[in-house]
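What you are looking at is a predicted structure, and each value in this text was computed from that prediction instead of being measured.
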Amino acid sequence: MYSDNLIEKLTSLNAVDAAKFLIGCELISFTSEGGCSGMIVETEAYDMRDKASHSFKGMTVRNSAMFGPAGTAYVYFTYGMHFCMNIVVGKEGFGAAVLIRALEPLTGLELMSKRRNVSNKHNLASGPAKLTQALYITRPLNGHRLNGPPLILKRGTKFNDVDLVLTKRIGISEKKDFGLKRRVCLKGSEFLSRPL
DNA sequence: GTAGGGATAATCT
DNA sequence: GATTATCCCTACG
């Protein structure tokens, strides 16, 4: 299960450090269809001082989960057909979160294949909207605390800075992302949303 | 393997 | 009315 230790850790970190810390952690999904899980291999950091963040202009109906306690899920709908999932970090009320961009599938690959309608292991969860589809993360999970079913965050493999690569974020205009390197990838992973 | 464009609707201006 | 923290399919090297 998810120790208070993990919540404390996520509360104490800023968005970028949390994005690094979350690489190697595991997400585990339980539904009536069965269970599946994956290891986080790619993330992006967002917070209130960042023009590209949903929380930049303050709290709205859509982004309110981002201002909750660390360890909460912020799930939003975008592009008319996709869900994306963040893990809220930092102190309650601040509005910081880490977008989960890619997973390496660990268990329940058959279920993920069925939901995604693809068989290639490298195409199951290698993108922010792909992984929400594979783990069945949808609107009702917005605001869910990740310490119990149907979705749990757990510590996994621990990686050091030398194992990580920081790049500019995906899908953010150059103006908003000006010079920032807030996307974190596990070096050498075959399961990133795009190659390095 | 890389590039371009369509799908599709909540959210915000 | 415009924008969007995306994905998939097609076409072309």
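- Aromatic stacking of Y79(A) on dT4(C): satisfied, with centres closer than 5.5 Å and planes within an angle under 30 degrees.
- In this entry the distance linking CZ of F83(A) with C1' of dA9(B) reads 11 Å, nearest Å.
- Once the 5.5 Å centre distance and the 30° plane angle are applied, the aromatic ring of Y46(A) is found stacked with the base of dA5(C).
- At dA5(C), one or more side-chain N or O atoms of H54(A) fall inside 4.0 Å of OP1 or OP2 (strictly under the cut-off).
- Side-chain N/O atoms of R116(A) include none lying less than 4.0 angstrom from OP1 or OP2 on dC7(C).
- Within a 6.0 Å sphere centred on CZ of F83(A), other residues, nucleotides and ligands contribute more than 12 heavy atoms.
- Toward the 5′ end of DNA chain C lies the nearest nucleotide of S173(A), the other residue of the pair P128(A) and S173(A) mapping further downstream.
- At whole-Å resolution of the value, CD1 in I172(A) and P in dT4(C) are 9 Å apart.
- Salt-bridge check for E33(A) with R115(A): passed, with a basic side-chain N closer than 4.0 Å to an acidic carboxylate O.
- Whole-Å rounding puts the M85(A) CE to dA5(C) P distance at 18 Å.
- At least one side-chain nitrogen or oxygen of T60(A) sits closer than 4.0 Å to the OP1 or OP2 atom of dC12(B).
- To the nearest angstrom, P of dA5(C) lies 15 Å from CG of L180(A).
- Of the listed nucleotides (dA10(B), dT6(C), dT11(B)), dT6(C) has the atom at the smallest distance from the side chain of H82(A).
- Taking every side-chain heavy atom of M81(A) into account, dA7(B) is the closest of dA10(B), dA7(B), dT6(C).
- Distance D177(A) CG to dT4(C) P: 13 Å, rounded to the nearest Å.
- In this structure, of dT11(B), dT4(C), dA7(B), it is dT11(B) that holds the atom nearest to the side chain of R62(A).
- For the OP1/OP2 pair of dA3(B) and a distance below 4.0 Å, the side-chain nitrogens and oxygens of R194(A) include no atom meeting the criterion.
- A salt bridge does not link E190(A) with K121(A): none of the charged nitrogens is closer than 4.0 Å to a carboxylate oxygen.
- Smallest separation of non-hydrogen atoms from G68(A) and V88(A): O-CG1, 3.4 Å.
- Side chains of T167(A) and R183(A): a donor on one and an acceptor on the other come within 3.5 Å.
- Between R182(A) and D47(A) a salt bridge is recorded (basic side-chain N to carboxylate O distance below 4.0 Å).
- Using a cutoff of 4.0 Å between basic side-chain nitrogens and carboxylate oxygens, R169(A) and D177(A) are scored as salt-bridged.
- The listed nucleotides are dA7(B), dA5(C), dC7(C); the one nearest the side chain of M66(A) is dA5(C).
- For the pair F77(A) CZ and dC12(B) C1', the interatomic distance rounds to 16 Å; values are reported in whole Å.
- Regarding contacts with the backbone of dT13(B), a side-chain N or O of K57(A) is found under 4.0 angstrom from either OP1 or OP2.
- Look at CD on E44(A): it is 14 Å from C1' on dT4(C), rounded to the nearest Å.
- Regarding K175(A), its NZ atom lies at a distance of 15 Å from the C1' atom of dT3(C), rounded to whole Å.
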Give the dot-bracket string for DNA chain B, reading 5' to 3', where a pair is Watson-Crick or G-U wobble with both distances under 3.5 Å, ( ) marks pairs inside the strand, [ ] marks pairs crossing earlier ones, | marks a partner on another strand, and . marks unpaired. |||||||.||||.
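- When each of N123(A) and K176(A) is assigned the nucleotide of DNA chain C bearing its nearest heavy atom, the one mapping closer to the 5' terminus is K176(A).
- Proximity of K51(A) to the phosphate of dA5(C): no side-chain N or O atom is located under 4.0 Å from OP1 or OP2.
- Within the 4.5 Å cutoff, no side-chain heavy atoms of E26(A) are placed close to those of I40(A).
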